[in-house]
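Just so it is clear: chains get the letters A, B, ... in the order the sequence lines come, proteins before strands, and each one is counted from 1. Values below: all heavy atoms of this structure, side chains included; hydrogens, waters and symmetry mates excluded.
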2 protein chains.
Amino acid sequence: MLAVIATVGRYKKGELIYQEGAIADRVFNVITGVVKSYRSAGNRRQRIIGFLFPQDIIGLADRGRYVNSARAITPVTLYRIPTAALEARLHRNPEFDYQVICKLCRELREAQQHAFLLSKHRAVAKLSLFLQMLETQQSSEGRLSEEILVPMSRADIGAYTNMSSEAVSRSFQELIRRRVISIRERRHIKILDRAGLEDIISEIRGSSKSMSQPLPRV
Amino acid sequence: MLAVIATVGRYKKGELIYQEGAIADRVFNVITGVVKSYRSAGNRRQRIIGFLFPQDIIGLADRGRYVNSARAITPVTLYRIPTAALEARLHRNPEFDYQVICKLCRELREAQQHAFLLSKHRAVAKLSLFLQMLETQQSSEGRLSEEILVPMSRADIGAYTNMSSEAVSRSFQELIRRRVISIRERRHIKILDRAGLEDIISEIRGSSKSMSQPLPRV
DNA sequence: CGTTCAGTTGATCACGGTCAAGCCCAGTGG
DNA sequence: CCACTGGGCTTGACCGTGATCAACTGAACG
């Protein structure tokens, strides 16, 4: 495993793990908690590249420098692996290589999924897809639950889905109004109507269900 | 090299290389030409995941099925590599592995770049960034030229940048009006004002240059 | 030459960004 | 224990941008 050549790091909520542009001398492997990977797009507006969960790798570099920053959004523990040691292993350990390749493929598919999300036009569609992604993430982690846990803030969701936090909020409200989800304590979401969610994601004009049972304020 | 276990394939412009959902028994390595990788998003509207140029790998799979379709947008030649043979090599050839990892990292960075592009608000900013990406792609391929070659249609650019082909067209016209680029025969673009392009990409309200020299029709 | 499809241009309108105000809740200190 | 405060979140109003529909031009093809 990676652990052999690694040290363990602990970060509290909101703490910076590494900064864009710094010399990339280690890669990280999340053990517990959630990390956001982001880029500060000049005008103090930050774009979130992805959220990272246990097992994920962060710290990819281009020409020896980190290409984005990473910050803990919950308390986080992770392995820190010196890149030097890693590279040495990469050249002589095929089994190990293979695992890295698999993780890269996974990350690649997620980046493409993200691009797919961003290419949705309607705000509710983006948010719905985001929720679905969170759910698959959590179910794949074995955390089989009725509720989806949303560890990140509305602003972070906005920075990921490329909408204002206001729009995130409004879209949540619309999903509630349409009886597609319900929210408990702002961080716990339950999906009530999976078919409805799918319809919204595929950007169908008016869902058949919402036609048959008229809703307030439309 | 990959070539040892591969056969060569030829496709004409517009031809399908593989289809989303089909059993993924080979991966491909582009030799010449340009390929688009896309997903048909239900309502006959297709989203382009990426454009692929010589040296690029396509045919990534999830659970044995291709996750997207690929189509030649120019005449294309490529290597076809049976996945079975590939996997066998992956387990026993570290040097080879390393190359695959590098290509995956590159593709990953491109996917993230794509997501970054999609998260721009203004249409001209998206198009400008797209042109910049095309340029870096072509200069890295050694094709050092004054002009950028745009092998794909306006509709394809739209499907990649997530805007209508009309908006692509209008944005091109605006860049011309602002004297940032010039276009020859619709496929050959020259960048006249690199600083101006950068300004537009970083979504600065009004570029200083365009302020100093008033433009028609603004 | 005619047909067809890519690209351009014009007009209209809905969506979401922005600014602004208010609300809710957690954390803090008296 | 309660009041205070600040930040996250929600809601409202207004307006600009680009999607959409539609008409037209131009280019490539047989």
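- Put simply, the side chain of B/H121 never gets that close to the backbone of A/N162: no donor and acceptor are under 3.5 Å apart.
- Spacing between atom NE2 of A/H121 and atom P of D/dT17 amounts to 17 Å, rounded to whole angstrom units.
- Here the C1' atom of nucleotide C/dG7 and the CD atom of B/E185 are 15 Å apart, to the nearest Å.
- Distance A/K120 NZ to C/dC15 P: 17 Å, rounded to the nearest Å.
- Across the protein-nucleic acid pair, B/I189 atom CD1 and C/dG7 atom C1' stand 13 Å apart, rounded to whole Å.
- Terminal axes of the helix from C/dC1-D/dG30 to C/dG30-D/dC1 (five pairs each, C1' rotation axis) are separated by 40°, to the nearest 10°.
- Under the 4.0 Å criterion applied to side-chain N and carboxylate O atoms, A/R184 and A/E146 are not assigned as salt-bridge partners.
- What separates NZ of B/K126 from P of D/dA19 is a distance of 7 Å, to the nearest Å.
- Using a 4.5 Å heavy-atom cutoff, the side chains of B/M152 and B/V150 are in contact.
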Using the rule given for side-chain contact (heavy atoms from CB on, under 4.5 Å), can you reason through A/I189 versus A/L134, listing the C-alpha separation, both sets of side-chain angles and the distance that settles it, and then say yes or no? CA-CA 11 Å; A/I189 294 185; A/L134 267 188; over 6 Å; no
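- For A/K120, there are no side chain to side chain donor-acceptor pair (under 3.5 Å) partners at least two apart in sequence or on another chain.
- Within the 4.0 angstrom heavy-atom criterion, only backbone atoms of the sugar-phosphate kind lie near B/N162; the bases stay farther away.
- When distances are taken from the side chain of B/R186 to each of D/dA27, D/dG8, D/dT20, the shortest belongs to D/dA27.
- Between B/K103 and B/E107 there is no salt bridge, since none of the side-chain N atoms of the basic residue sits less than 4.0 Å from a carboxylate O of the acidic one.
- Following rounding to the nearest Å, B/L118 (CG) and D/dG18 (P) show an atom-to-atom distance of 14 Å.
- A donor-acceptor pair is defined here as one N or O able to donate and one able to accept, closer than 3.5 Å; such a pair exists between the side chain of B/R71 and the backbone of B/G14.
- At a threshold of 4.0 Å, the pair A/R170-A/E174 does not count as salt-bridged, since none of the basic side-chain nitrogens sits closer than that to a carboxylate oxygen.
- When the P atom of D/dG16 is taken as reference, atom CZ of B/R122 falls 12 Å away, rounded to whole Å.
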Determine, step by step, whether B/Y66 and B/E20 satisfy the side-chain contact (heavy atoms from CB on, under 4.5 Å) criterion, reporting the C-alpha distance in whole Å, the side-chain angles of both residues, the deciding distance to 0.1 Å, and the verdict. CA-CA 5 Å; B/Y66 292 121; B/E20 177 180 359; 5.7 Å; no
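- Counting to the nearest Å, the C1' atom of C/dC23 and the CZ atom of A/R154 are 14 Å from each other.
- Within residues 165-175 of chain A, the residues that have a heavy atom under 4.0 Å from DNA chain D are, in order of number, A/E166, A/S169, A/R170, A/Q173.
- In the set C/dG17, D/dG18, C/dG16, C/dG16 carries the atom at the smallest distance from any side-chain atom of A/A123.
- Among the protein residues, A/S164 comes within range of the nucleic acid bases, having at least one heavy atom under 4.0 Å from a base atom.
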